[in-house]
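Okay, so here's the structure we're looking at.
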Amino acid sequence: MGFWKASCSVLLVCFFVGLCSMYQCSAAEADANQTVNLIVNASSGRPIPETLFGIFFEEINHAGAGGIWAELVSNRGFEAGGQNTPSNIAPWSVIGDQSSLTVSTDRSSCFDRNKVALRMHVLCDSEGNNICPAGGVGIYNPGFWGMNIEQGKTYKVVIYVRSLGSINVSVSLTSSDGSQILATANIVDSDVSNWTKKEVLLEAKGTNPNSRLQLTASRKGVIWFDQVSAMPLDTYKGHGFQKELIEMLEDIKPQFIRFPGGCFVEGEWLRNAFRWKESIGPWEERPGHFGDVWMYWTDDGLGYFEFLQLSEDLGARPIWVFNNGISHRDEVDTTTVSPFVQEAIDGLEFARGASDSKWGSIRAAMGHPEPFDLKYVAVGNEDCRKKNYRGNYLEFYNAIKRAYPDIKIISNCDGSSHSLDHPADYYDFHIYTSASHLFSMTHQFDHTSRSGPKAFVSEYAVTGKDAGTGSLLAALAEAGFLIGLEKNSDIVEMASYAPLFVNANDRRWNPDAIVFNSSMHYGTPSYWVQKFFRESSGATLLDAKLQTNSSSLVASAITWTSSVDGETYLKIKIVNFGNRQVSLKVSVDGLGLNSLLSGSTKTVLTSSNLMDENSFTDPNKVAPDRSLLENADRDMNIMLSPYSLTSLDLLTESNNIRMPQTNSSARPSI
Ligand code: AHR
């Protein structure tokens, strides 16, 4: 019965999808002659804030642990099961049966903030009547749904170990069943009666995206392990980040990074909220915590310092969201919020204080004596309606402005339709909605008051059935919305899509901009849309008027100067959110008499079906397609595909014609 119901729905969906695409084709053909004018005035413009487009990183969907943070071991300190013993050591598992070893947890670690250690009692031996199996017995860690181990790459394994006798422990990277040894080394020591740190470098002889780390022994005895880490040596700028994923961010040139959440900052309960002080200092000493909103443990190797470092490495302004004494389910009263305020002030000193200040000295000891360029903070996340928000907010606001007058403070209360009843430099605006609604919100800020705090659209996305796990439809609606933000960038100073990353093995939220597993990744159409906007921050917005009755078209035009070649480009973006092909007549007015438009490209994001998505097997199904625009001129005709985002990129110059970036068919690089 269930099967037939499911099959019938699938058939019905297929029928309608088929019908829709047929309709789309015939409508497109029927209206091929629909002509719309776009008049761009290049003679004057208004500056777009440098900060306009950035990213919002949240520890959600294993975006950090098991994602951008390159640590391969999950639950490296055996703390994930809780601070009490016996504790669940998952995902660690045992190699061998009960006659050959027993594994338990105790609180004997040398680290005061994470006392749980693993005790491995090897019962078998290399001689006698209980001989250990070949390869020994021990424990293994599969990482986050398999470790990606690559031939020729080197991995640094760190282990804290203790034993009353001598030890000979094999440290190996193997396939998921242990049968393929990719790299191995032995830790041999006759005296580890005190906790001892051991490091080995393992160079992989083979590649396997579903590998594990195993620690095995073949001699009777008791060995304790704690804080077991395995990291590739090759990380982004040597700072511990997974290179390929961060390069995806580099590619969209984010002007800021809002971190570390979202709901992650709030916690379902305050006791489980992210607390920056627990996430700094030597990684071995960090207690880790269970994020009870997205329901997983993080060892907090990716902590406050690492977020600041990543911002610096990407040349993006850090925007720190801190907990304001409010979680989803409990709140600290304003009369007792001062310890939380002090925690925030200390966090600012950690980021910006002198290297001999109390908190700044910890930053310096972590390898960054110079202050980080932290200038923006958000007091909580989505807490405006909470009972104590205003009271708590004001305590934070006053204390921060007193200590750091230049810091810009972001309120959780939306000031787009009415004035805020409290002081703020920015207000947060979050929107998750359907495609048609978000597209219509291209006008959201047209009538917002121009006085008062600026808007920070720190979370936006199409969600629900329009979005699936990342559809073209969602992306186009977002593109329409972003064009509206560009046009209103006198009041909207920052915007970021949410969420940024999803590990495909732990989809807590759909859709997301970048999807990955241990070895593969791709951008959803929403990711690609952001690339169309990467030149907008700091550019000049030109007047671009569409002459049409259609509400399915939106367009904007900017000029921007490349820091690479020093040339000035004109970029026109148009979203066709309708099912009809449109013939667009573009006129660029106001160029100087001798100015020319040349060497131009046209980049289009579209697909044969509106609900098309990318996937590991077809990562570029919906990706920008760039080609040369032969007829670039002050007046030109452009055909806009149904349901598409088009960018026209024109080199403006006053004398000779030049061609920029001529690798025309580059797909998907734009
Ligand atoms: O982006 C996902 C979540 O959506 C964020 O954690 C929260 O701020 C919002 O509700």
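What you see is a predicted model; the values in this text were computed from it and never measured. Whatever order the structure lists them in is the order used to number ligands and atoms, beginning at 1. Below, each value reflects all heavy atoms present in this structure, side chains not excepted, and no hydrogens, waters or symmetry copies.
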Distance under 6.0 Å and angle within 45° of ring axis: Arg317 vs Phe256: no

Test: Lys573 cationic atom under 6.0 Å from Phe533 six-membered ring centre, within 45° of axis: yes

Proximal ligand 1 atoms for Asn381, defined as those under 4.0 Å from one of its heavy atoms: 7 (C), 8 (O)

Which of the ligand 1 atoms, numbered from 1, are nearer than 4.0 Å to a heavy atom of Gly262: 5 (C), 6 (O), 8 (O)

Heavy atom of the protein closest to [atom] (residue, atom name, distance):
{"atom": "atom 7 (C) of ligand 1", "result": "Glu459 OE1, 3.3 Å"}
{"atom": "atom 5 (C) of ligand 1", "result": "Glu58 OE1, 3.2 Å"}
{"atom": "atom 1 (O) of ligand 1", "result": "Tyr432 OH, 2.7 Å"}

Phe439 backbone acceptor or donor facing Thr442 side chain under 3.5 Å: no

N or O contact, Cys263 vs ligand 1, cut-off under 3.5 Å: yes

Heteroatom proximity flag, Trp294 to ligand 1, N/O under 3.5 Å: no

Verdict with reasoning, Thr336 to Asp333, per side chain to side chain donor-acceptor pair (under 3.5 Å): CA-CA 5 Å; Thr336 54; Asp333 196 81; 5.2 Å; no

Aromatic centroids of Tyr304 and Trp359 separated by under 6.0 Å: no

Residues Asp292 and Arg329 bridged, charged N to O under 4.0 Å: no

Set of ring pair (Phe, Tyr, Trp, His ring centres under 6.0 Å) partners for Tyr527, sequence neighbours left out: none

Non-hydrogen atom of Pro499 closer than 4.0 Å to ligand 1: yes

Closest to atom 10 (O) of ligand 1 (judged by heavy-atom distance), picking from Glu382, Arg258, Glu59, His328: Glu382

